[in-house]
**Q** 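Got a structure for you, questions after.
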Amino acid sequence: MPPSKLTSTDLQSPLGQLASQLTDSDLRLTAYDVFLAVCRTSSSKPLSSSASASNSDSLGYNSPSQNNNHSPNSPALQRSLTSAAASKMKKALGLKSPGSKKSPGSGPGSGEGKSKRPTTVGELMRIQMRIPETVDSRVRRALLRIGGGLVGRRIESVVLPLELLQQLKQSDFTDQQEYDAWQKRNLKVLEAGLLLHPRVSLDKSNNASQRLRQIIHAALDRPIETGKNNESMQVLRSAVMSLASRSDGSFSDSCHWADGIPLNLRLYEMLLETCFDINDETSIVEEVDELMEHIKKTWVVLGINQMLHNLCFTWVLFHRFVATGQVEMDLLYAADGQLAEVAKDAKATKDPGYSRILSSTLTSVLGWAEKRLLAYHDTFDSGNIYTMQGIVSLGVSAAKILVEDVSSEYRRKRKGEVDVARNRIDTYIRSSLRTAFAQRMEKADSSRRASKNQPNPLPVLAILAKDVGELAVHETKVFSPILKGWHPLAAGVAVATLHSCYANEIKQFISGIMELTPDAVQVLRAADKLEKDLVQIAVEDAVDSEDGGKAIIREMPPYEAETAIANLVKGWIKTRLDRLKEWVDRNLQQEVWNPQANQEGYAPSAVEILRIIDETLDAFFQLPIPTHPALLPDLMAGLDKCLQYYVMKAKSGCGTRNTYIPTMPALTRCEIGSKFQGVWKKKEKSQNSQKRNSQVATMNGDNSFGIPQLCVRINTFHRIRSEMDVLEKRIITHLRNCESAHVEDFSNGLSKKFELTPSACVEGVQLLSEAVAYKIVFHDLSHVLWDGLYVGEPSSSRIDPLLQELERNLLIISETVHERVRTRIITDTMKASCDGFLLVLLAGGPSRAFSRQDSQIIEDDFKALKDLFWANGDGLPADLIDKFSSTVRGVLPLFRTDSESLIERFRRVTLETYGSSARSRLPLPPTSGQWNPTEPNTLLRVLCYRNDETASKFLKKTYNLPKKL
């Protein structure tokens with residue numbers, strides 16, 4: 001007989017632990033005694049006996065009498081076994097019936113042509129229970145003797161161990177030692193069934209129980225003679241029968257000695273174990289139908305019913321699956337199938353004793369299953385993944401019965417509120433993935449430590465993100481398809497759990513980042529990719545769910561990795577921009593705007609700021625981030641403001657057109673022919689000079705505001721403006737090489753353009769061009785214009801000195817200013833010269849007076865002024881000169897016109913302007929500065945500087961103008 005190959009398991013029998021010292025071997029022998037006893041007395045008709053069973057030591061005697069129920073060779077045990085038809089029971093349990101398996105009893109010792117196959121149920125049972133033939137024969141002899149006294153009584157009306165003690169003597173055993181062991185076993189069985197685990201509870205004051213306890217304890221120390229009807233045996237019988245005959249309320253004459261829980265369940269478990277082939281312990285014997293039919297006959301003695309049978313058989317199937325290495329899935333599916341029967345039973349009864357055993361058994365099954373399922377990543381691999389579905393099914397079935405039929409909590413809730421299967425799977429997924437995540441975390445940490453001496457080792461959280469992504473893919477390919485049978489969103493729950501686990505790490509990491517480092521960006525990018533992958537899996541998994549997966553997605557609040565990257569980049573940008581602004585302030589204070597600083601004639605500080613901006617853009621596009629296009633506008637706007645700030649700062653303090661134009665003196669009339677005229681003119685000249693100088697005093701102290709320096713500023717603005725286009729093209733190139741750029745990033749041009757700086761440069765050039773022009777004319781050349789031109793006698797103070805100085809300044813401009821802005825400054829200088837020329841004629845103060853004869857001098861001088869700017873065709877274009885000299889050309893004819901005509905024209909224009917209210921007294925027209933031959937103030941000023949009596953009298957009479965200031 002082969003030894004058992006069952007492995008020891010960590011599973012304790014949930015059917016209950018015995019308080020007595022009965023071993024499994026004791027229980028097996030006792031169960032066999034019960035089996036033989038009930039089968040010997042339960043059949044009422046003879047069955048065919050096997051010829052091979054004629055040996056009197058095995059099943060003994062041929063052709064028993066039809067009515068002899070007490071023959072040891074009971075027809076029930078002598079029924080021939082057949083394997084012609086497949087077992088109905090195996091079919092119902094879904095168990096295969098392989099034809100190649102060895103039958104119980106066959107083995108290497110079989111003689112040739114002589115089959116050892118058991119031919120009767122009795123022989124099969126003996127072999128399956130590993131009972132020696134000598135023991136079997138002894139029990140049968142005892143049963144034969146007992147049977148003589150059982151006429152008209154059923155086996156359940158006797159206490160079998162008591163009767164065996166009575167019938168067998170020491171002479172029936174090979175030696176004293178075997179007899180003592182046998183006697184002790186039967187006494188322990190009586191102790192277990194009547195004292196420790198009685199069906200009917202014992203009263204503490206019960207005399208019989210106290211007496212029996214004393215007898216048994218004494219006999220265990222010193223064996224008693226039981227094989228005859230002596231006094232000690234009578235005392236024992238009296239105590240035993242007194243206890244066994246107590247009624248359990250069933251009104252039967254049964255003796256209760258083996259039907260108390262857990263003794264009965266443990267004995268029944270031993271009988272059910274015989275259904276498994278001893279030669280192939282993962283298989284149920286082919287003859288299981290007949291075997292089970294006989295096993296069920298023990299119910300009357302053991303107090304078993306169909307519900308307890310279903311529960312015990314479920315446990316036995318499950319335990320056998322575990323004990324044989326969890327490889328025979330048929331056993332697991334059979335146990336799961338039996339659980340369906342148990343579920344029906346659980347709903348049909350509320351018996352507290354049954355409920356306790358049910359709860360204990362299911363808790364044991366569920367505990368075993370959950371030990372594997374709560375960390376299923378550790379339990380299952382490619383070698384055993386096929387077992388997972390069965391284990392899940394069994395665990396869920398057990399959980400459902402426990403929750404729905406055992407738990408009082410469930411009954412208090414509406415059943416619709418609890419989806420047991422889904423809740424369990426949810427728990428398994430979350431628990432297992434948390435465990436798997438923790439393992440990956442540890443692995444990532446050790447991987448980082450191992451690579452710390454290598455160049456550019458990956459940060460731990462970047463390694464972890466990659467591992468978690470792989471774990472999620474593995475989960476959805478291997479485990480989710482299995483778990484989806486119980487939980488429609490298995491993959492979604494899995495990725496939500498992983499998302500949550502990683503969230504704890506990444507959020508802590510994000511909160512600790514102070515600056516943008518390659519490691520930080522690497523981690524954040526890895527986190528962002530992981531999150532997108534996990535969300536994608538969740539969305540795909542939930543496509544058919546009622547809410548479209550919203551509940552799962554709500555479990556996955558964003559890591560905000562992109563936001564964290566954006567904030568870090570914005571911090572990086574701010575730091576660079578703050579430094580750049582400080583640089584602008586510091587360097588512009590030191591800038592001297594030296595025209596000789598470089599060949600192109602622009603400021604070194606401009607070269608430097610453009611270089612810094614170029615380097616900043618390069619550094620930005622080298623940042624290992626996925627969001628260059630999205631964050632570029634922030635950088636562009638900041639650089640734009642810095643450049644605008646540079647331009648504004650560079651032009652501040654340079655003055656404007658109005659800074660240099662002198663204040664017009666009050667209107668006077670000419671003093672005709674006074675001998676003091678020259679004196680007054682000299683005095684006036686000095687007053688005018690003082691007034692003008694006070695206005696521009698602020699400009700004289702700083703050499704950085706000289707004409708060459710202002711020209712350098714203009715060149716600088718032009719240079720910056722032209723570099724804007726170069727920078728914008730370079731940005732487009734950077735974007736094209738950028739991994740995250742899309743077509744729309746190129747089509748939307750605004751985000752890649754400098755908006756403030758170009759207009760600031762244009763305005764700066766415009767403003768400084770005018771400032772240069774008016775500074776030259778009204779400030780630098782004031783001695784030859786304002787203080788010299790036409791002062792005293794016009795014929796002796798003509799325009800030549802002014803033209804010489806202008807020409808010298810135009811040469812400086814031509815040599816200093818970039819050719820693209822040169823024309824503009826020269827044009828502005830011509831405009832300023834024309835304005836200065838008119839201002840001398842129309843607001844030159846009392847030191848100037850013109851007769852009609854002077855008009856030719858004035859016209860000739862003005863032509864010389866225009867010729868200077870035309871420069872024989874090398875200067876300004878003629879049409880430009882004509883355009884900007886049109887005002888002067890319009891006013892000059894007034895100096896040829898006689899005073900009477902001028903007065904008449906003045907009256908007419910004033911009346912037209914002011915209407916009938918001007919008839920009684922002509923109002924003094926205000927100075928508009930917009931000189932025009934039809935404008936009253938222009939006509940009035942020509943009269944003020946007309947050196948004749950008519951004009952002087954008109955001004956005296958009409959406005960009472962003084963002759964001097």
**Q** Kindly indicate whether the side chain of Leu271, heavy atoms from C-beta on, has any atom under 4.5 Å from the side chain of Leu302.
**A**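 A side-chain contact exists here, since the closest heavy-atom pair is under 4.5 Å.
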
**Q** Measure centre to centre between the rings of Tyr502 and Tyr559, then say whether the value is under 6.0 Å.
**A** yes

**Q** Taking NZ in Lys529 as the centre, count heavy atoms belonging to other residues, nucleotides or ligands within less than 6.0 Å. Is the count above 12?
**A**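 No - once you tally the heavy atoms of other residues, nucleotides and ligands closer than 6.0 Å, there are 12 at most.
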
**Q** I need the minimum non-hydrogen distance between His197 and Gln17, along with the two atoms involved.
**A** CE1-O, 4.1 Å

**Q** Look at atom CD of Glu470 and say whether more than 12 heavy atoms of other residues, nucleotides or ligands are closer to it than 6.0 Å.
**A** yes

**Q** So Arg266 and Asp24, salt bridge (charged side-chain N to carboxylate O under 4.0 Å, His left out) or not? Walk me through it.
**A** CA-CA 9 Å; Arg266 294 304 307 280; Asp24 283 356; 3.5 Å; yes

**Q** Taking atom NZ of Lys466 as the centre, does the number of heavy atoms from other residues, nucleotides or ligands within less than 6.0 Å exceed 12?
**A**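 Count not over threshold, so no.
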
**Q** Looking at Met129, is its backbone amide N or carbonyl O close enough to the side chain of Arg28 to form a donor-acceptor pair, meaning the two atoms are under 3.5 Å apart?
**A** yes

**Q** If only side-chain N and O atoms count, and only distance matters, is there a donor-acceptor pair under 3.5 Å linking Glu475 with Tyr376?
**A**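 Short answer, yes.
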
**Q** May I ask you to say whether Lys532 pairs ionically with Glu562, meaning some side-chain N is under 4.0 Å from a carboxylate O?
**A** yes

**Q** Do Arg422 and Asp426 pass the salt bridge (charged side-chain N to carboxylate O under 4.0 Å, His left out) test, and can you show the C-alpha distance, the side-chain angles, and the key distance before you say yes or no?
**A** CA-CA 6 Å; Arg422 183 166 175 157; Asp426 196 281; 5.9 Å; no

**Q** In terms of ring plane angle, is the pair Trp315 and His319 parallel, tilted or perpendicular, where the classes change at 30° and 60°?
**A** tilted

**Q** Report yes if the side chains of Cys312 and Leu265 come closer than 4.5 Å at any heavy-atom pair, otherwise no.
**A**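 The answer is yes, as the side chains (C-beta and beyond) meet within the 4.5 Å cut-off.
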
**Q** Apply the test salt bridge (charged side-chain N to carboxylate O under 4.0 Å, His left out) to residues Glu370 and Arg424: give CA-CA distance (whole Å), side-chain angles for both, the deciding distance (0.1 Å), then the verdict.
**A** CA-CA 9 Å; Glu370 291 201 332; Arg424 295 317 302 165; 2.2 Å; yes

**Q** Is any side-chain heavy atom of Val495 closer than 4.5 Å to a side-chain heavy atom of Val535?
**A**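 No, every pair of side-chain atoms sits at 4.5 Å or beyond.
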
**Q** Which label fits Phe318 and Trp368: parallel for a plane angle under 30°, tilted from 30 to 60°, or perpendicular past 60°?
**A**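 Aromatic pair Phe318/Trp368 classed perpendicular.
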
**Q** Of Asn423, Val396, Val420, which is the lone residue that meets side chain to side chain contact (heavy atoms under 4.5 Å, CB included) with Trp486?
**A** Val396

**Q** Show the numbers, then the answer: is there a side-chain contact (heavy atoms from CB on, under 4.5 Å) between Leu373 and Phe380?
**A** CA-CA 9 Å; Leu373 295 174; Phe380 302 104; 4.0 Å; yes

**Q** With a 4.5 Å heavy-atom cut-off, do Thr361 and Thr314 have their side chains touching?
**A**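 No - every pair of side-chain heavy atoms lies 4.5 Å or more apart.
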
**Q** If we check side chain to side chain contact (heavy atoms under 4.5 Å, CB included) with Ile357, which of these qualifies: Leu15, Leu362, Asp351?
**A**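 The passing option is Leu15.
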
**Q** Between Glu560 and Lys507, does any NZ, NE, NH1 or NH2 come within less than 4.0 Å of an OD or OE carboxylate oxygen?
**A**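 Looking at Lys507 and Glu560, the cut-off is not met.
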
**Q** Return yes if a side-chain donor-acceptor contact under 3.5 Å exists between Gln306 and Asn310, otherwise no.
**A**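 On atom types as modelled, these side chains qualify, holding a pair under 3.5 Å.
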
**Q** What is the ring orientation for Phe35 with His294, classed by angle as parallel under 30°, tilted 30 to 60°, or perpendicular over 60°?
**A**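 Tilted.
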
**Q** For a 4.5 angstrom cut-off between non-hydrogen side-chain atoms, does Lys550 reach Arg554?
**A**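 Yes, at least one pair of side-chain atoms sits under 4.5 Å.
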
